[in-house]
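Before any comments, here is the structure.
Note: hydrogens, waters and symmetry copies are ignored here, and every other heavy atom, side chains too, is used.
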Amino acid sequence: MRAALREAESAAAEGEVPVGAVVVHGGRIVGRGHNQRETLNDPTAHAEMIALTQAAAALGTWRLEGCTLFVTLEPCLMCAGALVNGRVDKVFFGARDPKAGACGSLYQVGFDARLNHRFEVEGGLLEKECGELLRKFFAGLR
């Protein structure tokens, strides 16, 4: 999660909402990402999406079985859908997102038995640090 926090700090330095993510497979980081929606003018350029794309390239497969995602903010519905489609095993997130969170707050995509894949979720990992980074960023915009 510390590596994901460093990615979030990179996002903040670029003027992006400070969310960072890393994908781990076999004890090593195989994908990294931070929000780049403003930089790329791309609504899908969330930290998770970028980290998943890098992980798939590094592993040579879109099936990310055996992978764990660490992300500083609870994934949204789009990112949770990508986690299902990518077959990720587990997700650890920092701050909860009561307005858009799809891994426990608003939706529970990872646990939905109607979907073809489910993943484990654990929230609140380094929650204070992750949340504080977001609070500082948004306070600076006001």
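Here the straight-line distance linking atom SG of Cys67 with atom CG of Asp89 works out to 7.5 Å at 0.5 Å rounding.
Applying the salt bridge (Lys or Arg N to Asp or Glu O under 4.0 Å) test to residues at least two apart or on different chains, the pairs with a partner in residues 101-117 are Asp112-Arg114. Every pair tested for side-chain hydrogen bond (donor to acceptor under 3.5 Å, both in side chains) that includes a residue from residues 17-30 fails, sequence neighbours excluded, so the list is empty. A side-chain hydrogen bond (donor to acceptor under 3.5 Å, both in side chains) check over residues 2-16, counting only residues at least two apart or in different chains, returns the pairs Glu7-His34, Glu14-His34, Glu16-Thr39. Note on residues 52-76: pairs passing side-chain hydrogen bond (donor to acceptor under 3.5 Å, both in side chains), not counting sequence neighbours, are Glu74-Ser105. Listed by first and then second residue, the ring-ring contact (aromatic ring centres under 6.0 Å, His included) pairs that reach into residues 102-133 come to none, sequence neighbours excluded.
Hydrophobic clustering, defined by side-chain heavy atoms of Ile, Leu, Val, Met, Phe, Trp and Tyr closer than 4.5 Å, groups Met1 together with Leu5, Val22, Val24, Ile29, Phe70, Phe92, Leu125, Leu126, Leu133. Members clustered with Met78: Met49, by chain and number, using a 4.5 Å side-chain heavy-atom cutoff among hydrophobic residues.
The two residues Gly94 and Cys130 make their nearest non-hydrogen contact at CA-SG, 3.8 Å. Annotation for Phe137 and Gly15: closest pair CZ-O, 3.8 Å, computed over non-hydrogen atoms. Nearest heavy-atom pair, Ala47 versus Val19, reported as atom, atom and distance to 0.1 Å: CB-O, 3.4 Å. The minimum heavy-atom distance between Ala51 and Ala21, with the atom names listed, is CB-O, 3.9 Å. For Ala80 against Cys103, the heavy-atom pair with the smallest separation is CB-SG, 4.2 Å. Shortest non-hydrogen contact noted between Arg96 and Pro98 is O-CD, 3.5 Å.
Under the 4.5 Å side-chain contact rule for hydrophobic residues, Val88 and Ile50 do not share a cluster.
In this structure, the side chain of Asn35 does not engage the main chain of Arg37 through any donor-acceptor pair within 3.5 Å. Checking side-chain atoms of Arg87 against main-chain N and O of Asn85 turns up a donor-acceptor pair under 3.5 Å.
By the salt bridge (charged side-chain N to carboxylate O under 4.0 Å, His left out) test, Glu120 pairs with Lys90, sequence neighbours left out. The side chain to side chain contact (heavy atoms under 4.5 Å, CB included) check on Asn41 picks up nothing, with sequence neighbours excluded. Remark: Asp42 engages Leu40, Thr44, Ala45 in a side chain to side chain contact (heavy atoms under 4.5 Å, CB included) (not counting sequence neighbours). Every residue two or more places apart in sequence or in another chain was checked for a side chain to side chain contact (heavy atoms under 4.5 Å, CB included) with Leu106, and none qualifies. Contacts of Ala56 classified as side chain to side chain contact (heavy atoms under 4.5 Å, CB included), with partners at least two apart in sequence or in another chain: Leu64.
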For this session: Take Val23 and Leu59, measure what side-chain contact (heavy atoms from CB on, under 4.5 Å) needs, and give me the verdict at the end.
Result: CA-CA 11 Å; Val23 177; Leu59 296 173; 5.9 Å; no
Exercise. Does the side-chain contact (heavy atoms from CB on, under 4.5 Å) test come out yes or no for Lys128 and Glu132, once each step is laid out?
Worked result: CA-CA 6 Å; Lys128 287 185 181 186; Glu132 187 59 28; over 6 Å; no
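Under the 4.5 Å side-chain criterion, counting only non-hydrogen atoms from C-beta, Leu83 is in contact with Pro75.
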